[in-house]
Amino acid sequence: MSSDLEHATPGFLVWRLSMKWRVAVDRAVAPLGLTHAQYSLVASLYGMHHAGLRPSQRQLADHTGLEPLYVSKLARALETAGIVDRTRDPADPRAVRLSLTQDGQAVARRAIGVVHGLLDQLLDPLGGLDGERTRAFSGELAALLGVSLGPRADRAAGSDTDPTDSRHAPSDQAPTVQQHSDQQRSDEE
């Protein structure tokens, strides 16, 4: 691990890894006419189709973790590109059902292959896609994704440590403007 990252917080490491992954996927799927966000929709629709599902935009938003409004915007752009079909649900006229067109299925297969290779490359230090460390890492990530990040009683009551206090930030991270103004306000009180 780089010496800059040895003392970084887990949140900072998650952020850096997610940004590294997003940029890498964006570059990898760009020749197919997709962005990373569009890829997440197309790949999810592909998998859901093979499971016999035709999700609504809301269901796809829940599946991907993207905001429903953003999924709607992405789906419209993918529809314009001829990759996705959007149709009103006859049982619920407010819902829009999504599916891949034939061209969309072909693009999805190619994109999934490209990203699969990229993922194997990323996970090589953990033993690749089928490595024991990768399975353990995936389990840890799933556990973190299962945590609710809403307000907690112990945090609402206050704590002795202010997470915005720059003294608690790793040495490789400069405090943010908000942290500076919060600290200044705290010092003035």
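- For CZ of Arg58, the number of neighbouring non-hydrogen atoms (other residues, nucleotides, ligands) closer than 6.0 Å is 12 at most.
- Hydrophobic clustering (side-chain heavy atoms under 4.5 Å, transitive across Ile, Leu, Val, Met, Phe, Trp, Tyr) keeps Leu144 apart from Leu123.
- Side-chain atoms of Ser72 do not come within 3.5 Å of backbone N or O of Pro68 as any donor-acceptor pair.
- Of the possible donor and acceptor atoms, one in the side chain of Ser40 sits under 3.5 Å from a partner among the backbone N and O of Ala37.
- You'll find the side chain of Val29 stays beyond 4.5 Å of the side chain of His36, heavy atoms only.
- Residue Leu5 is not grouped with residue Leu126 when hydrophobic side chains (ILVMFWY) are merged at heavy-atom distances under 4.5 angstrom, including chains of intermediate members.
- The heavy-atom pair separating Ala75 from Leu41 by the smallest distance is N-CD2, 4.1 Å.
- Taking both residues in full, the closest heavy atoms of Leu98 and Arg86 are given as CD2-CG, 3.4 Å, listed atom of the first, atom of the second, then distance.
- Without hydrogens or angle criteria, Thr101 side chain to Gly82 main chain gives a donor-acceptor distance under 3.5 Å.
- A distance of 7.0 Å separates CG in Leu34 from CG in Leu78, rounded to the nearest 0.5 Å.
- In this structure, Ile83 and Leu100 have side chains that are in contact, with non-hydrogen atoms separated by less than 4.5 Å.
- Judged purely by atom type and a 3.5 angstrom limit, Arg133 has no side-chain atom pairing as donor or acceptor with the backbone of Gly127.
- Looking only at distances, no side-chain donor or acceptor of Thr134 sits under 3.5 Å from a matching main-chain atom of Leu129.
- For the pairing with Arg97, the salt bridge (charged side-chain N to carboxylate O under 4.0 Å, His left out) check across Asp85, Asp89, Asp92 returns one residue only, Asp89.
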